[in-house]
2 protein chains.
Amino acid sequence: MEEYSEKQLSILTVAERLFADQGFHGTSVRDIAQEADVNIAMISYYFGSKDKLLESIFKYRMRASQRFIQDLLVNDSLKPLDKIYAMIDRFLNKMLGEQNFQCIMSREQLNSEQSPVRDLIWELKREMLGLMQPIVTDAQEAGIFHKDVDIVMLMTSLFGTIHQIIPAQKLLRNDPEFQNLTEEEFKENLKQRVSIHLKKLFKAILTHEF
Amino acid sequence: MEEYSEKQLSILTVAERLFADQGFHGTSVRDIAQEADVNIAMISYYFGSKDKLLESIFKYRMRASQRFIQDLLVNDSLKPLDKIYAMIDRFLNKMLGEQNFQCIMSREQLNSEQSPVRDLIWELKREMLGLMQPIVTDAQEAGIFHKDVDIVMLMTSLFGTIHQIIPAQKLLRNDPEFQNLTEEEFKENLKQRVSIHLKKLFKAILTHEF
DNA sequence: GTTTAAATTAAACGTTTGTTTAACTTTGGC
DNA sequence: GCCAAAGTTAAACAAACGTTTAATTTAAAC
């Protein structure tokens, strides 16, 4: 719960980027120290070890995710489908806003050996699911959403699609279709496209109509 | 194009599993040699280096994928939607049948530095897309499929969903829901569930009906 | 049986790894 | 101005890394 100094935050940010780009084992503490412009020993001094540094990144981002979830008490006056739409956009915004961290999550969730980090990932996913679930079941009981909906699979497609889009960005960027756009325009363009796609997906599955 | 001896195949298989479980940099050549029960030097002797070993795994699996694609000339007597269904099931079967390799692909596609392996991944995805594309456009022109379909996004959801399911398996396995099933039953159960979900997704987006 | 090439081995190679040490500097309270 | 704590540094540490070497065994051809 302690605050991080500017220097500590610099290390966290650089480490997050390098872990995302080259993987945890593909990044040395010397790489991190050099890019963050600090002495190698400072990393152990502040975070204890390289492993603990990764854990710190996770705790830091997870705390933000917890706040994000608490703020997700969607407007009750909205129709169920609009609640879903609002959630999709906020998930999308969140995940595209912390792409480096999402890359690390993509990687770490593949690790077979039990790591403290992997458990946190699935806990987070369960929480996200727990947010979507009641909205769907309420609407089902009200006869608004269809009965046989595999909400787990639907959320899997949601996360899976976004996790695929993140590395795909770098390649789509080179398409002639997007060449004349600024970086900002491109990102907004793509986000819109993913948003429309995911909303179509959810609407189709939940309501059986367009 | 050369054939691999039993010993070489053993190295490839073990390396594939370890790379999938712990990542490329998280796996040492000593780990591989030990589990494959060969001398460390044999890996350099056969494959040149650790990097080339990874490349060999990719070439080996990619060759199989090329054959897979060529065999995917779906029955022309089928209705467009049934062609899509057939493709979904074959993609799903293929990817779930080589989960270790798919894990490596998931990891490697995140690498920011240009690697020979990353380009191969996107080439393969483009080929998969090239298979789906004509079926969809033909059916669109025939008025069977809806006009505004983002086929790239749809394929992204297809791959994304399956790539999410692979690591999720290990956790779902511990759910009380699946405890009393054998490993084989569980896998078939899950495959069916994913298949149904993906078909619903495609049908909804392509035809706007259930 | 001899010869030649391929296969296999244990040992060593030079780097790089994450971490620690011990000395030094800065900071803030008194 | 003094002192203790925190911050910072270059250097050193042992361990692990990927790769190579040189010696030995196996296999096949003649």
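Remember, it's a predicted structure, so these values are computed and weren't measured experimentally. Here is how names work: the chains are called A, B, and so on, in the same order as the sequence lines, proteins then strands, and each is numbered from 1.
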(request) Grab the CD-P distance between B/Glu6 and C/dT8 for me, whole Å please. (result) 12 Å
(request) Tell me whether the guanidinium CZ or amine NZ of B/Arg107 lies under 6.0 angstrom from the six-membered ring centre of B/Phe24 and within 45° of its axis. (result) no
Could you list all N or O pairs between the protein and nucleotides 14-17 of chain C that sit under 3.5 Å apart?
none

(message) Hydrogens and angles aside, do B/Ser157 and A/His197 bring a side-chain donor and acceptor to less than 3.5 Å of each other?
(response) yes
(request) Identify the residue among A/Gln169, A/Glu16, A/Arg17 that makes a side chain to side chain donor-acceptor pair (under 3.5 Å) with A/Gln99. (result) A/Gln169
So which protein N/O to nucleotides 8-10 of chain D N/O distances come out below 3.5 Å?
{"residue": "D/dT8", "atom": "OP1", "partner": "A/Lys7", "partner atom": "NZ", "Å": "3.0"}
{"residue": "D/dT8", "atom": "OP2", "partner": "A/Tyr46", "partner atom": "OH", "Å": "3.0"}
{"residue": "D/dA10", "atom": "OP2", "partner": "A/Asn39", "partner atom": "ND2", "Å": "3.3"}
{"residue": "D/dA10", "atom": "N7", "partner": "A/Asn39", "partner atom": "ND2", "Å": "3.4"}

(request) Provide, to the nearest angstrom, the distance between the CZ atom belonging to A/Phe47 and the P atom belonging to D/dG7. (result) 12 Å
(request) For atom OH of A/Tyr85, decide whether the heavy atoms of other residues, nucleotides or ligands shown that lie under 6.0 angstrom number more than 12. (result) yes
(request) Using only heavy-atom distances, determine whether the side chains of B/Thr27 and B/Lys50 contain a donor-acceptor pair under 3.5 Å. (result) no
(request) Verify whether one side chain among B/Gln192 and B/Asn189 offers a donor that lies under 3.5 Å from an acceptor in the other. (result) no
(request) Specify whether B/Tyr4 and B/Phe47 have parallel, tilted or perpendicular ring planes, treating 30° as the upper limit for parallel and 60° as the lower limit for perpendicular. (result) tilted
(request) Calculate the interatomic distance between B/Ile43 atom CD1 and C/dA7 atom P; express it in whole Å. (result) 16 Å
(request) Determine whether more than 12 heavy atoms belonging to other residues, nucleotides or ligands lie under 6.0 Å from atom NZ of B/Lys199. (result) yes
